[in-house]
Amino acid sequence: MRILRTILLISALLTALPAFAEKRVIGKLGQATEKTPIYSSMSTRARVYYKVKQYEYLVISSAPRDNWMRVLLQNGMYGYVPADTVAKLPYEVTADVPAYARNSRSTGSLTSRSAAANMGLQFQGTPYVWGGNDLRNGIDCSGFVKKLYGMVGLDLPRTASEQALVGQPVTRLENLQAGDRLYFWKNKPN
C-alpha cells in the first residue's frame, strides 16, 4: 500500500511539473559541417573548450559576427566556432525553466549566474584599475562583477557596497552555488 501511494504521489508530481516550468528559447539549432574546435573567444589562438565532431548538433546563441558564431555549452558558458564550420538550421531550441530559476533583475537564475562566473575566466590577466570599466585594458572588482552579470542580462549597481544590498542572502556556507556573489567588509575602529 505504501509503495502504491508513493507511485501515485510521484505520478501526480510529474503531471504537475509543466505548471511549475516555462519553455524558453535558448538559441537556434546548428550542425557542424566539419570537425571544429569551440574556442573561449573569437580567435583561433584562444583556449579550446571542446572539439566538435562533424554533424554534431550545437545551440547557436547569436547571429554570426566577424565570421564567428557564439554557441551555448552544456555548463551554461558560451564558446565560439568559425561560422563557416556550422550550418544554421531553421529550428529554435527551447529549455524548461523551473519557476524557482526564472530570471529576476536582482538575482538571476542559477544558470545565468553560473555562466557569469564562468565567463570571468576568459578575462584572466586583465589589469586591476581602480574605477576602471574596461574588461581588456583595466577594471576594478565591482566593475568586473557588474560587467559579467550584465552580459547575462542582470543589472547590478556599480559599487561593491551597493551590489552587496542586491539579491538574496545566503546564510549557510553549504548553500553557496556557482555565481553567488560574496561581499566582505571589516568594521573600521572609531
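We use all heavy atoms of the structure for the numbers below, so side chains are in, but hydrogens, waters and symmetry mates are not.
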Check this for me, if you would: do Arg158 and Asp140 make a salt bridge, where the nitrogen-to-carboxylate-oxygen distance has to be below 4.0 angstrom?
yes
Any donor-acceptor pair under 3.5 Å linking the side chain of Gln163 with the backbone of Pro157?
yes
Tell me every residue that passes side chain to side chain contact (heavy atoms under 4.5 Å, CB included) with Leu72, counting only those two or more places apart in sequence or in another chain.
Ile26, Val59, Tyr78
Considering only heavy atoms from C-beta outward, does the side chain of Ile60 approach that of Leu29 to under 4.5 Å?
no
Pairwise side-chain contact, Leu58 with Val52, heavy-atom cut-off 4.5 Å (strictly under):
yes
Locate the shortest heavy-atom distance separating Lys53 from Ala32; write the atom from each residue and the value.
O-CB, 3.5 Å
Please examine the side chains of Tyr57 and Leu89, heavy atoms only from C-beta on, and report whether any two atoms are closer than 4.5 Å.
yes
Thr126: what forms a side chain to side chain contact (heavy atoms under 4.5 Å, CB included) with it, not counting sequence neighbours?
Phe123, Ile139
What I'd like to find out is whether the side chain of Ser40 reaches to under 4.5 Å of the side chain of Tyr49, using heavy atoms alone.
yes
With heavy-atom distances below 4.5 Å as the criterion, would you say the side chains of Thr36 and Pro82 are in contact?
yes
Is a donor on one side and an acceptor on the other found under 3.5 Å between the side chain of Thr33 and the backbone of Ala87?
no
Flag side-chain contact, heavy atom, 4.5 Å: Lys146 against Asp155:
yes
When you look at Leu73 and Tyr50, which way does the side chain to side chain contact (heavy atoms under 4.5 Å, CB included) test go after all the steps?
CA-CA 9 Å; Leu73 304 176; Tyr50 178 73; 5.5 Å; no
List, by chain and then residue number, the residues other than Tyr39 in its hydrophobic cluster (Ile/Leu/Val/Met/Phe/Trp/Tyr, side-chain heavy atoms under 4.5 Å); write none if there are no others.
Met42, Val48, Trp68, Tyr80
To the closest 0.5 Å, what do you measure between CG (Asn67) and OG1 (Thr85)?
11.0 Å
Please confirm whether the backbone N or O of Gly27 pairs with a side-chain atom of Glu92, one donor and one acceptor, at under 3.5 Å?
no
Give me the other members of the hydrophobic cluster that Trp130 sits in, counting Ile, Leu, Val, Met, Phe, Trp and Tyr linked by side-chain heavy atoms under 4.5 Å, directly or via other members.
Tyr128
Can you list the residues that meet the side chain to side chain contact (heavy atoms under 4.5 Å, CB included) rule with Gln54, with sequence neighbours excluded?
none
Between Tyr149 and Arg181, is there a side-chain heavy-atom distance shorter than 4.5 Å?
yes
Test Gln31 against Glu56 for side chain to side chain contact (heavy atoms under 4.5 Å, CB included), laying out the working first.
CA-CA 6 Å; Gln31 188 173 34; Glu56 193 169 340; over 6 Å; no
All pairs passing ring-ring contact (aromatic ring centres under 6.0 Å, His included) where residues 157-182 contributes a residue, at least two apart:
none
Identify the heavy atoms of Ser142 and Ala160 that sit nearest to each other, and give their distance.
CB-N, 3.4 Å
